[in-house]
There are 2 protein chains.
Amino acid sequence: MASATPRAGKTLTEKRSGGDGARQPGMTDVARLAGVSAQTVSRTLAGHPNVQPKTRAKVLAAVEQLGYRKNNAARVLSSGRSRTIGVVTLQTNFYSRANLTCGIETAAREAGYSVSTATTASLDTAAIEDAMTRLADQGVEGVILAVPLVHVSPRIEQLTRSVPTITVDGSRTPATEVVAVDQSLAARLATRHLIELGHENIWHVAGPGEWLDASSRCAGWRDTLEAEGLPVPPVLEGDWTPASGYRNGLILGKIPDVTAVFVASDEMAFGVIRALHELGRKVPEDISVVGVDDIDLAEYCSPSLTTVAQPFAEMGALAVAHLMRHVADPDAAPAPASVEPKLIVRASTGRVRGAAG
Amino acid sequence: MASATPRAGKTLTEKRSGGDGARQPGMTDVARLAGVSAQTVSRTLAGHPNVQPKTRAKVLAAVEQLGYRKNNAARVLSSGRSRTIGVVTLQTNFYSRANLTCGIETAAREAGYSVSTATTASLDTAAIEDAMTRLADQGVEGVILAVPLVHVSPRIEQLTRSVPTITVDGSRTPATEVVAVDQSLAARLATRHLIELGHENIWHVAGPGEWLDASSRCAGWRDTLEAEGLPVPPVLEGDWTPASGYRNGLILGKIPDVTAVFVASDEMAFGVIRALHELGRKVPEDISVVGVDDIDLAEYCSPSLTTVAQPFAEMGALAVAHLMRHVADPDAAPAPASVEPKLIVRASTGRVRGAAG
DNA sequence: ACACAGGATGTTATCGATGCCAATAGTGTG
DNA sequence: CACACTATTGGCATCGATAACATCCTGTGT
């Protein structure tokens, strides 16, 4: 009986052959063709310095000829490094998400890393745990948590301890660095702008309270008003959608004294403006509106939207940079980074009616 | 001399220990603790039926106790299946991209697959080749090409042959299935709607000519006009951005006879409307505007935008379904799928002025 | 009661690349 | 001219899980 060994060899062949007998060439195949050892092939491909140009050329030629491609799984298994980072985002198609992941992807690629995404439908601790677990199981070297964490569950805590994690615009966990836009500053810029235009009754349509950036913006708005000795009206809360902005706009438009609104996102601001329009209150003549994000459309609605721009792409790059540093040296001290937002004045804000020119 | 073997053992330990001596438990550790073989652990975790409940329980308990997690790289290497699919998209933050990837991610997860993304900055053949190569090197089992391919280079051809590929809304390659929205229908719906409102001079602001969906929409618009015996005005071309819509809107607004415009995307439509507004031409009283996409904001601008909705999320799911089928049976005959868009009438279109009521 | 089918579990080889160490070749110095 | 030293290259074990094969054990039919 030609039992175990030969049979295993045959099995191998069958496994690889997708039906046509061809097999992906391996490093050994390349090595044989080039007349060197597999090890030398590995070194050549890894860009190791100590390889003679002549040898390198031979190897590269063989690689070319066979159409050889490195097997990623094997490389990962053997080296223990996956060269992949994971990104956790919300499933919603917010402008910010699209831009952020874009910046992350680009920066990661430049650092020689791949990106694996895991989205979560909700801010549920369980859902986020699940997303992070999926990434961890995939063997990512680090994770960028682009969701606003409210509670940090023990499980998440544990995960962030075993996998370097950077939180973007979220709450800070003990083991996590945070890269964030200074949301409080964004709110102050917007509110101050309105105050400078003479407004004294400035309302706020906020994002969901569970979101850190929503509450930061709210706080920034409140602080600015209080610092100026202006009244702080009740907060209206939306869910980031234009529809929620619209609903709140309908409420706002019926309140006589309101002359300005700081809305926590451009999308909601669109809804607010729409509602005000329907109620016959003109923007900016009757009411000034400021948004946050500077989405592409902000400049092209009527009136064009005054807003606070957030450098999403740069944030993505920054997050990757921090993550790389953290991956390289897990013991490095966390260095939270914050990026400054920028006020962009357009046509949706104006001097309060009747105010001194 | 305790030479080679022991030393290698030590190396291992050092490699794993991230400084604290703890090591990720492996399958053998679990097996030892549960008092079974590694194979049984594997079977249990793979949900293999032939495992006694008692044994399964022991294994699961051991897994739990050690906090064991399967090593993905090892699994992939040994099984030859990565359970990962790749998605190639453009870096631009178009609404469609965000929604599509969302649908893909969700569907993939439900099918037990992970998603790895690769974005390309341009439609360059080289850039797309690069993105696909990155994914292929990562060992994805299939690829969803969510970019509109113009030319299919030999290299891409070759890649699609070795990796099951589904193209979304792109041109059809020999080895590729296509899942697409019927863009021509979208254009016909929009154009017919305008015709029914009495418009006879219907212009079109198209997307970039290299994009298949742009040219399909353009063709659908042209065909409909010709079928009705209406004049076919010159095509204005934009680049999907609101800014390009604005530029074309400025041109359109100065042409006296124009009473309706079919714009190839909502974002451009916003720009067009904005320009018309600035020129003092009212929408829809003077000019009716129809967009395509039904972005979230379409309903909340003034006037709310009549548009043709595209079921992006469903398309993503459909693409994944087709890909899974293709991965399971690479020899299956391609079955192109097409999804129907839906006209959504809002306030940016109206009867042509002076037309019979 | 015995043989046999079939379920449950263990054993072995292997996936493909890399890290460490050994071996060899080539260079410079006293 | 010998020795030390370094630049190159090869050999071996190994990462952790799985497929195929071998084995053992239990229940059932005649």
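Given the structure is predicted, the values throughout are model-derived calculations rather than measurements. Note on naming: letters A, B, ... go to the chains in the order of the sequence lines (proteins, then strands), and numbering restarts at 1 for each one.
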In this structure, how many angstroms lie between the [atom2] atom of [N] and the [atom1] atom of [X], rounded?
X: A:K70; N: C:dA17; atom1: NZ; atom2: C1'; result: 8 Å
X: B:R81; N: D:dA19; atom1: CZ; atom2: P; result: 10 Å
X: A:Q24; N: C:dC15; atom1: CD; atom2: C1'; result: 13 Å

For A:Q91 and B:T106, does a side-chain donor sit closer than 3.5 Å to a side-chain acceptor?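 Present: a donor and an acceptor within the cut-off.
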B:T133 and B:R155 side chains, donor-acceptor separation under 3.5 Å: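 A donor-acceptor contact under 3.5 Å links the two side chains.
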Counting only heavy atoms and a strict 4.0 angstrom limit, can you tell me which residues of residues 31-45 of chain B come near DNA chain D?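 Nucleic-acid contacts, sorted: B:Q39, B:S42.
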[X] to [Y] - nearest heavy-atom pair and separation:
X: A:T84; Y: A:S116; result: CG2-CB, 4.1 Å
X: B:L90; Y: B:R97; result: O-CD, 2.7 Å
X: B:S82; Y: B:V76; result: CA-CG2, 3.7 Å
X: A:I128; Y: A:S122; result: CG1-O, 4.2 Å

Any side-chain heavy atom of B:I104 within less than 4.5 Å of one from B:V320? yes
Residues from residues 47-62 of chain A sitting under 4.0 Å of DNA chain C, heavy atoms only? none
